[in-house]
Protein chains: 2
Amino acid sequence: MVAAVVTASRALVAVSARSLAAVGEALTVPQFRMLVVLEAGGPVNLSRLAEHLAVNPSTAMRMADRLIAAGMVERTTDPADRRAAKLALTSVGQRVVHQVTRRRQEEITRIVGAMPAERRSAMVEALQAFADAAGEPQVDPGTYGELLLPGWN
Amino acid sequence: MVAAVVTASRALVAVSARSLAAVGEALTVPQFRMLVVLEAGGPVNLSRLAEHLAVNPSTAMRMADRLIAAGMVERTTDPADRRAAKLALTSVGQRVVHQVTRRRQEEITRIVGAMPAERRSAMVEALQAFADAAGEPQVDPGTYGELLLPGWN
DNA sequence: GTCATAACATGCATTATGCAAAATTTGCCT
DNA sequence: AGGCAAATTTTGCATAATGCATGTTATGAC
């Protein structure tokens, strides 16, 4: 049982890593996580972004700096509160997220297509039961697609 | 389908992270991976260890240095080939691996116990079908228990 | 108007990671 | 025996992620 879950997990992680490497941009997994959160949540300030990523604000700060230097994120000062910075994706960042997401969906679809069809619905139900038993909140497949623990990315 | 697999993956990753944090020693995930490989494979030289971990030899080198400093790994020179270093777990390292592994097994067992019993065998079969379709080799639950991709740890 | 608080920014430290180059040892070939 | 290529480890240099502690600036309350 444990081995089955661990093996399946490894397969999925490998898919994510490949879909990230397939994009021309040199992106690390934490950087992609930040882009995904920004795409899902729109412009946010640094503190909330750090909370979503479950990292220290200073970590999010410098990750954002690098993504800004790479042209994928932009920072503007919130006029209503000039302490706060608004972080948002640029069009380049949006394109990158869409490319990686599409690539991953394609690969997972290919893998699922190689599975016996009668196993597919059983897998979904079994995995949902497992996640429920673990108390894990469900994710939205199109937006949050990464494992969201720092130190694991 | 994708969401189900991703969510289940996250749950398992969270289990691993908690079981690692529960041990008194301050261990990172890559460090634990190295300990696990050493426990499974016995004394190995640096190059083979780096291959197993899929990291650069220099990375494995310095990780080993830290684990040696922490008293969990020991390095001896291979008498048959004095270029090569033999890396092995100390008794402390073995104890740590066993503690973390046992803790994780306990937590997964608890989660599985909270699942409806009729779902369990279906989950194993479905996950194995998924991993087979992805071409992922099966893992041994008692030894290799981590996701084995660098950059993900 | 001053002061506590919030939010960001920066300094410092550690770990993980890879590439490139150096140093040592082995093994082979002449 | 001598030399040279290859293997193996080690070190130098660089970057990314991470956290804690500290400073800096802006807000809001009194």
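Protein chains get the first letters and strands the later ones, always in sequence-line order, with residue 1 at the start of each. Owing to the predicted nature of the structure, the values given are computational and were not obtained by experimental measurement.
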Test your reading of the model: is there a side-chain donor-acceptor pair from A:Arg103 to the backbone of A:Val23, 3.5 Å cut-off? no
Looking at the side chain of [X], which of [options] is the nearest nucleotide?
X: B:Met63; options: C:dC8, D:dT18, C:dT17; answer: C:dT17
X: A:Pro30; options: D:dG12, D:dA17, D:dT9; answer: D:dA17
X: B:Met61; options: D:dT27, C:dA9, D:dT11; answer: D:dT11

Check this for me: does any side-chain nitrogen of one of [X] and [Y] sit under 4.0 Å from a carboxylate oxygen of the other?
X: A:Arg48; Y: A:Glu51; answer: no
X: B:Arg102; Y: B:Glu106; answer: yes
X: B:Glu107; Y: B:Arg104; answer: no

Can you say whether a donor on the side chain of A:Arg83 sits under 3.5 Å from an acceptor on the base of C:dA6, or the other way round? yes
So does A:Arg82 reach the base of D:dG28 with its side chain, donor to acceptor, closer than 3.5 Å? no
Find the distance [X]:[atom1] to [N]:[atom2] and express it as a whole number of Å.
X: A:Leu53; N: D:dA17; atom1: CG; atom2: C1'; result: 12 Å
X: A:Lys86; N: D:dA26; atom1: NZ; atom2: P; result: 18 Å
X: A:Gln31; N: D:dT15; atom1: CD; atom2: P; result: 14 Å
X: B:Arg62; N: C:dC19; atom1: CZ; atom2: C1'; result: 11 Å
X: B:Glu25; N: C:dT14; atom1: CD; atom2: P; result: 19 Å
X: B:Leu35; N: C:dT15; atom1: CG; atom2: P; result: 14 Å
X: B:Asp65; N: C:dT15; atom1: CG; atom2: P; result: 11 Å
X: B:Asp78; N: D:dA7; atom1: CG; atom2: P; result: 17 Å

Tell me whether the side-chain N/O atoms of A:Arg66 come closer than 4.0 Å to OP1 or OP2 in D:dA17. yes
With a 4.0 Å limit, can you tell me whether A:Thr28 has a side-chain N or O closer than that to the phosphate oxygens OP1/OP2 of D:dA16? no
Pick the nucleotide of DNA chain D nearest each of A:Ala80 and B:Arg48; which residue has the one closer to the 5' end? B:Arg48
More 5' along DNA chain D: B:Ser58 or A:Asn56, using each one's nearest nucleotide? B:Ser58
Report the C-alpha separation of A:Ser58 and A:Asn56 in whole Å, then their side-chain angles, then the decisive distance to 0.1 Å, and conclude whether the side chain to side chain donor-acceptor pair (under 3.5 Å) test is met. CA-CA 5 Å; A:Ser58 66; A:Asn56 197 287; 3.1 Å; yes
B:Arg75 near the nucleic acid: base, sugar-phosphate alone, or nothing, with a heavy-atom cut-off under 4.0 Å? sugar-phosphate
